[in-house]
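Below is one structure, written out as structure tokens; comments come after it.
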Amino acid sequence: MADNETPIVEEDNEQVEVRKHKLAKLRDGGQNVYPNDFKPTHSVTQAVAAAEGASDDELHANHREVAVAGRIMAIRRMGKASFFQIQDRRGRLQVYARKDRIGDDAYGLFQSFDIGDLVGVTGHLFRTKTKELTVEAAGLRLLTKCLRPLPEKWHGLADVEARYRQRYVDLMVNPEVRDVFEKRSRIVRLLRRFFEDRDFLEVETPMMQSIPGGAAAKPFITHHNALDLELHLRVAPELFLKRLLVGGFERVFELNRNFRNEGISVRHNPEFTMVEFYQAYATFEDLIQLTEELFVAIANDVAGGLQLPYNGATIDLTRPWQRLTIRDAILVHGGAEEKDVANLESLQAFAKQRGLKIDLDVPYGKLLVAVFEEVAEAKLIQPTFLTGFPIEVSPLARKNDQDPAMVDRFELYIGGRELANAFSELNDPADQRQRFLEQMQARAAGDEEANPIDDDYVRALEYGMPPAAGEGIGIDRLVMFFTDSASIRDVILFPLLRPHR
RNA sequence: GAGCCGUUAGCUCAGUCGGUAGAGCAUCUGCCUUUUAAGCAGAGGGUCGCCGGUUCAAGUCCGGCACGGCUCACCA
């Protein structure tokens, strides 16, 4: 612990005192109060499966013995017999304990149990008269005492700040939160399988980089003591992944964290997870197909269909998805006319006339993107591949063969939010060096997000990078979409918050 | 960074016109052997986020601060 941190000693409230006292009493009685020798034979789900198909009479005649462990989430005491519910990783199961079956000592132990305690139960399964599957306890053990009271059983933990700061409590008492993160895990698993099935190799490239490139973003800066070296947390893995294309790994993907030192919002967390993948001898057109396949595969698995609720709308993932150029998006969704987007001057006039709060003193391509973000982005609700990106905002993308002011690139929008960004890769080292030089000029002019030149990356291109296409998909936003979550913090277990309190 | 809103018992929340604080769950005591937010009877529990101001009197009004939420800004 650092010198300037003082350990916070909270005073125990009455309920904590009572629980600590109960624990001390057991300890004084010679019990190991933190045992680790209880072996559950069944999870809650397995216990339910063990009774499936068996009639009440069969359960009565042929006992299904189980040993289950979990956290007590509810207790209904009725004198000399009681019901309580335990919760494990898969669900909840009721336990029935009666004094005349388990004996005075065990029932006495049970009397000291509190909501939140982790307990082990052995016994056989039966159904109550309301047909609820229940363990008739023969043995009861305290496995770990819960020293703090749990939130209210009916409303759970509602305070948003407390939910993020004490996610462990949130997960205990709010099942829908657990569900979101289980889905997240499932989506990540599907992604890996999807790419592995297509012969992609999963790799890990540096998160600490001396030259932070691959995206227009402000990096976090850190320092390596032994080398006395300034390092940056990566804003993207792109430049390293493409070095691997040069090296001969023709299909690679990396699913990992990136860090951007920028604002925090319902769509931005300073650290976020992205999958980036690169495929040699493919174009951004191929990635459009791949992206549709990927989303459909995930939707079928986690949502069971292609119609998904999101942010109050119903998103239809039925292929093929709409395509729209940035220009057309401004025309269709921004109410502009052809002449408004024809050149820099007319676009500036349009932006001014609309009262858009954007910097007008920029090149045509940048202004086009800025106007799009103002007037059209939020309206791309159904899945849309946005194309027709200008070269000024795409320093790593391949020029379009017909129009050298444009690049072969798309961004995927769903629900008005960018979920993916992909392009055919620039593999001409001379062109790439020129783009870096332009980025450096922008940097010198004060653009903190412009890519710094990476000489070794250009050298790698000089060895020859196969023509390729690459894409990045924001996993947090992807999970937001598939779980209909309004805030990125709802899909990140421990989102960044100011310390304190 | 700006605007708006919030912060009251362990949790979820009330709190009127400024008059020294309430409910439900949880806790404690007693009763209760098939309950389902179990029930019945009783009890305890508060730095009203923090600091200052106005006032005879502040949870309540005013100012500042902290933390959080939303919107905007920022953000390929």
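Convention: sequence-line order gives letters A, B, ...; per-chain numbering from 1. Small disclaimer: the values here were computed from a predicted structure and weren't measured.
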Original post:
Between B:G45, B:G68, B:C75, which nucleotide has the shortest distance from any of its atoms to the side chain of A:Glu14?
Top reply: B:G45

Original post:
Closest to the A:Lys357 side chain: B:U27, B:U12, B:C72?
Top reply: B:C72

Original post:
Which value, in whole Å, describes the distance between the P atoms of nucleotides B:G3 and B:U55?
Top reply: 29 Å

Original post:
B:A76, B:C28, B:U33: which one has an atom nearest the side-chain heavy atoms of A:Asp114?
Top reply: B:C28

**OP:** Let me know the distance between CZ of A:Phe126 and P of B:U33, rounded to the nearest Å.
**Re:** 16 Å

Subject >> Any A:Glu374 side-chain heavy atom under 4.5 Å of A:Val371 side chain >> reply: no

Original post:
Distance between the P atoms of B:C48 and B:U20, in whole angstroms?
Top reply: 15 Å

Original post:
Are A:Tyr457 and A:Phe240 near enough that their ring centres are under 6.0 Å apart?
Top reply: no

Subject >> Rounded P spacing from B:C74 to B:C51 in Å >> reply: 38 Å

**OP:** Among A:Leu287, A:Ile288, A:Asn421, find the one that has a side-chain contact (heavy atoms from CB on, under 4.5 Å) with A:Glu471.
**Re:** A:Leu287

Subject >> Which nucleotide in B:C11, B:U35, B:C28 has an atom nearest any side-chain atom of A:Glu132 >> reply: B:U35

Original post:
Is there a Watson-Crick or G-U wobble partner for B:G63 with both distances under 3.5 Å, and which nucleotide is it?
Top reply: B:C51

**OP:** Could you tell me which nucleotide pairs with B:C32 by Watson-Crick or G-U wobble geometry, both distances under 3.5 Å, or answer none if nothing does?
**Re:** none

Original post:
Taking atom C1' in both B:G49 and B:U60, what distance in whole Å separates the two?
Top reply: 16 Å

Subject >> Nearest-Å distance for atom pair NZ/P, residues A:Lys129 and B:A38 >> reply: 16 Å

**OP:** Could you measure between the two P atoms, the one in B:G22 and the one in B:C67, and give it in whole Å?
**Re:** 33 Å

**OP:** Give one of base, sugar-phosphate or nothing for A:Ala216, where a contact means two heavy atoms less than 4.0 Å apart.
**Re:** base

Original post:
Do A:Phe385 and A:Phe410 have ring centres separated by under 6.0 Å?
Top reply: yes

**OP:** Heavy atoms under 4.0 Å is the rule here; annotate nucleotides 4-10 of chain B 5' to 3' with B where the base is hit, S where only the sugar-phosphate is, and - elsewhere.
**Re:** ------B

**OP:** State which of B:U33, B:U12, B:A76 makes the closest approach to the side chain of A:Asp159.
**Re:** B:U12

**OP:** Would you indicate what A:Arg409 reaches in the nucleic acid, counting non-hydrogen atoms under 4.0 angstrom: base, sugar-phosphate, or nothing?
**Re:** base

**OP:** Output yes when A:Arg163 and A:Asp159 qualify as a salt bridge under the 4.0 Å nitrogen-oxygen rule, no when they do not.
**Re:** no

Subject >> Sub-6.0 Å ring centroid separation between A:Tyr413 and A:Phe372 >> reply: yes

Original post:
So what does A:Lys366 touch, heavy atoms closer than 4.0 Å: a base, only the sugar-phosphate, or nothing?
Top reply: nothing

Original post:
Looking at B:U33, B:A73, B:G69, which one has an atom nearest to any side-chain atom of A:Tyr164?
Top reply: B:G69

Original post:
So what's B:G44 paired with, Watson-Crick or G-U wobble, going by both distances under 3.5 Å?
Top reply: none

Original post:
Is there a Watson-Crick or G-U wobble partner for B:A21 with both distances under 3.5 Å, and which nucleotide is it?
Top reply: none

**OP:** Kindly point out which of B:C28, B:U35, B:C70 is positioned nearest to the side chain of A:Val266?
**Re:** B:C70

Subject >> Integer angstrom distance from the P of B:G15 to that of B:U8 >> reply: 14 Å

Original post:
Of the nucleotides B:U27, B:U35, B:A76, which one has an atom closest to the side chain of A:Val18?
Top reply: B:U27

Original post:
Taking the side chain of A:Leu497 as its heavy atoms from C-beta onward, which of B:G68, B:A37, B:A73 lies nearest to it?
Top reply: B:G68

Original post:
Where along residues 234-242 of chain A does a heavy atom fall under 4.0 Å from RNA chain B?
Top reply: none

**OP:** Please state the C1' separation for the pair B:G30 and B:C70 - nearest whole angstrom.
**Re:** 49 Å

**OP:** Go through B:A76, B:U34, B:C13 for me and flag the one nearest to the A:Met78 side chain.
**Re:** B:U34

Original post:
Do A:Val375 and A:Arg354 come close enough that some side-chain heavy atom pair is under 4.5 Å?
Top reply: yes

Subject >> Ionic contact status for A:Glu136 with A:Arg101, cut-off 4.0 Å >> reply: yes

Original post:
Taking any strand in view, what nucleotide pairs with B:C4 in a Watson-Crick or G-U wobble way, both distances under 3.5 Å?
Top reply: B:G69

Subject >> Inter-nucleotide P distance (B:G59, B:C25), Å rounded >> reply: 28 Å

